[in-house]
Amino acid sequence: MGAGQSVPKITKQDRAILDLKLQRDKVRQYQKKIQAVLDREHEIAKQQLAAGRKDRALIALRKRKYQESLLVKTDAQLENLEKLVSTIEFSLVEVSVLHGLQQGNEVLKEIHKELNIENVERIMEETAEAREYQREIDEMLAGSLSLEDEEAVQAELRELQLETLGVAEERPISLPSVPTEQPAEAVEEPTAQPQSQSQERGRVPVAA
């Protein structure tokens with residue numbers, strides 16, 4: 001009886017919608033998993049500042065900001081793709097959607113690498129291999145963070161310095177205003193003579 005029923009054909013638009021859903025679900029999973037990594041990097045930055053290693057604290061904070069920005073950008077990109085996929089004229093934007101999905105998969109692979117907390121611990125190690133890793137990460141992040149991200153990192157570093165080292169926050173020095181009137185000349189008052197001299201001068205010689 002059901003032999004005449006046709007199987008619904010899966011269109012390219014249907015497949016794109018499915019791929020988008022899978023990517024969005026994966027981003028949500030990564031957001032939960034990566035929080036432990038972000039918290040550990042924040043703690044490492046504090047420890048390195050306390051030990052006087054500002055350069056390593058900056059590496060940890062930059063790595064943390066890079067990971068946060070990866071998640072935010074990927075989520076925003078997928079949201080934009082979702083709007084394109086839902087359009088009626090899908091055929092007109094199909095190439096853009098497929099390209100966006102491909103980029104999304106590449107970024108998800110990059111995020112997956114950042115979930116390894118063992119790499120975070122290498123920031124504190126003193127071995128030659130660890131120092132080489134720290135150098136590579138620092139060079140990679142130098143070209144990956146935007147100016148806005150770098151400013152946010154520097155602001156977070158200052159907050160940690162205040163919190164960890166107890167550095168007093170620099171405040172602008174308020175100078176007194178410049179007087180607009182000419183100051184009056186001081187009038188010299190006669191200095192009081194010693195009491196012994198004034199008493200001697202006040203004595204009248206008595207005849208013998």
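Counting begins at 1 with the first residue of the sequence.
- In this structure the side chain of R53 never reaches within 4.5 angstrom of the side chain of Q47, judged on heavy atoms.
- Residues L49 and K54 share a closest heavy-atom pair of CD2-CA, 4.2 Å.
- Minimum heavy-atom separation, L141 to K63: CD1-N, 3.4 Å.
- If you chain together hydrophobic residues whose side chains sit under 4.5 Å apart, I117 and L71 fall into the same group.
- We find that R64 and E156 are joined by a salt bridge, their nearest charged nitrogen and carboxylate oxygen being less than 4.0 Å apart.
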Q.
Set out, in order, the CA-CA distance, both residues' side-chain angles and the distance that settles side-chain contact (heavy atoms from CB on, under 4.5 Å) for M124 and E121, then state yes or no.
A. CA-CA 6 Å; M124 298 192 299; E121 301 294 339; 3.3 Å; yes
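- Counting only heavy atoms from C-beta outward, the side chains of R122 and Q134 never approach each other to under 4.5 Å.
- Around atom CD of E136, more than 12 heavy atoms belonging to other residues, nucleotides or ligands sit under 6.0 Å away.
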Would you check, one step at a time, whether the test side-chain contact (heavy atoms from CB on, under 4.5 Å) holds for E151 with Q154?
CA-CA 5 Å; E151 290 175 352; Q154 295 296 334; 5.8 Å; no
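- Ionic pairing of R62 and D138 is present here: one or more N-O contacts between side-chain nitrogen and carboxylate oxygen are shorter than 4.0 angstrom.
- In this structure, CD in E150 is found 11.5 Å from OG in S144, a value given to the nearest 0.5 Å.
- Under a 4.0 Å N-O distance rule, the pair R40/E43 does not qualify as a salt bridge.
- Under the 4.5 Å side-chain heavy-atom criterion for ILVMFWY residues, a single connected hydrophobic cluster contains both M140 and I59.
- Distance check: D149 CG to K65 NZ gives 5.5 Å after rounding to the nearest 0.5 Å.
- Two residues are said to be in side-chain contact when any heavy atoms from C-beta on lie closer than 4.5 Å; E110 and Y66 meet this criterion.
- Around CD of E139, the count of heavy atoms belonging to other residues, nucleotides or ligands within 6.0 Å exceeds 12.
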I34 and E114: CA distance, side-chain angles, deciding distance, side-chain contact (heavy atoms from CB on, under 4.5 Å) verdict: CA-CA 8 Å; I34 208 170; E114 300 296 331; 4.3 Å; yes
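- Heavy-atom minimum distance, A60 versus E41: CB-O, 3.7 Å.
- Expressed to the nearest 0.5 Å, how far NZ of K73 lies from CD1 of I111 amounts to 11.0 Å.
- More than 12 non-hydrogen atoms from other residues, nucleotides or ligands lie less than 6.0 angstrom from NE2 of H42.
- K46 is listed as a side-chain neighbour of E163, based on a closest heavy-atom distance under 4.5 Å.
- Contact of the E132 side chain with the R135 side chain is registered, since non-hydrogen atoms from C-beta on lie closer than 4.5 Å.
- Counting heavy atoms from C-beta outward, N119 and I137 have side chains that stay 4.5 Å or more apart.
- Between the side chains of Q29 and D25, no donor N or O sits under 3.5 Å from an acceptor N or O.
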*asked:* With side-chain contact (heavy atoms from CB on, under 4.5 Å) as the criterion, how do E125 and Y133 come out once you've worked through the C-alpha distance, each side chain's angles and the decisive distance to 0.1 Å?
replied: CA-CA 10 Å; E125 295 178 5; Y133 171 77; over 6 Å; no
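- Two residues are said to be in side-chain contact when any heavy atoms from C-beta on lie closer than 4.5 Å; Q23 and K26 fail this criterion.
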